[in-house]
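Single-structure report; data block below.
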Amino acid sequence: MEDPIHITRITTESCLPLRRTVLWPSLTEDECRVPQDPEATHLGAFRGEHLIGCLSLCPIGPDLIQLRKFAVAAAYQGQGIGTQLMAQAIRTCREIGANRLELDARSSALGFYRKFGMSPMGAVFFKGPIEHQRMALEL
């Protein structure tokens with residue numbers, strides 16, 4: 001039987017290898033940093049001692065958090081890890097007193113975020129060749 005998933009706060013440095021592997025394999029770990037990392041709350045999903053998912057909750061304004069760099073290891077995608085991480089991210093935002101959570105979702109993931117009550121806002125845009133939509137949740 002596999003170890004259950006547990007989610008906890010982690011450091012920026014702990015996020016970087018998984019960010020690189022899942023999101024930016026052509027970059028170095030140092031190039032996978034974002035400017036908000038020092039102030040962000042980083043969450044990691046573990047199976048046993050292995051980090052298999054992470055995301056970062058970046059403060060970007062009064063009572064406003066932006067979810068960034070959501071990554072789940074390829075071998076664990078489609079197993080509910082992202083759902084568990086997202087639910088914990090929303091709880092964490094509420095715990096730290098945020099009133100609103102925003103993120104830039106790949107258009108292919110809009111349905112996933114809608115399950116959590118997030119709503120699209122603004123126009124569709126591109127990051128490189130990938131179509132995105134800003135989404136928001138009032139907390």
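Computed from a prediction, not measured in an experiment: that's the story for all the values here.
Between D104 and R134 there is a salt bridge, with a side-chain nitrogen of the basic residue lying less than 4.0 Å from a carboxylate oxygen of the acidic one. Ion pairing between R20 and D30 fails under the 4.0 Å rule for side-chain N and carboxylate O.
Between F116 and T83, the closest side-chain pair of non-hydrogen atoms falls below 4.5 Å. For the pair M121 and E102, the minimum side-chain heavy-atom distance is below 4.5 Å. When side chains are defined from C-beta on, L43 counts as touching R9, because their heavy atoms get closer than 4.5 Å. When side chains are defined from C-beta on, I7 counts as touching Q84, because their heavy atoms get closer than 4.5 Å. Taking the side chain as every heavy atom from C-beta outward, T92 and L57 approach each other to under 4.5 Å. Annotation: side chain of M135 is in contact with side chain of L110 (closest heavy-atom distance under 4.5 Å). In this structure, the side chains of F112 and M86 come closer than 4.5 Å at one or more pairs of heavy atoms. In this structure, the side chains of I96 and I65 come closer than 4.5 Å at one or more pairs of heavy atoms.
The aromatic rings of H6 and F46 sit parallel, their planes meeting at an angle under 30°, below the 60° perpendicular limit.
Side-chain atoms of H42 and T11 form no donor-acceptor pair, as typed in the model, at a separation below 3.5 Å. No hydrogens or angles considered: nothing links the side chains of S119 and R114 as a donor-acceptor pair under 3.5 Å.
Note: I60 CD1 to R68 CZ = 9.0 Å, rounded to the nearest 0.5 Å. Residue L101 holds its CG atom at 8.0 Å from CG of L64, rounded to the nearest 0.5 Å.
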For E31 and W24, what are the C-alpha separation, side-chain angles and deciding distance, and is it a side-chain contact (heavy atoms from CB on, under 4.5 Å)?
CA-CA 9 Å; E31 292 170 321; W24 295 310; over 6 Å; no
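Grouping the Ile, Leu, Val, Met, Phe, Trp and Tyr side chains by contacts below 4.5 angstrom, directly or via other members, places L103 apart from V34.
Under a 3.5 Å cut-off, the side chain of Q66 and the backbone N or O of Q36 do not form any donor-acceptor pair.
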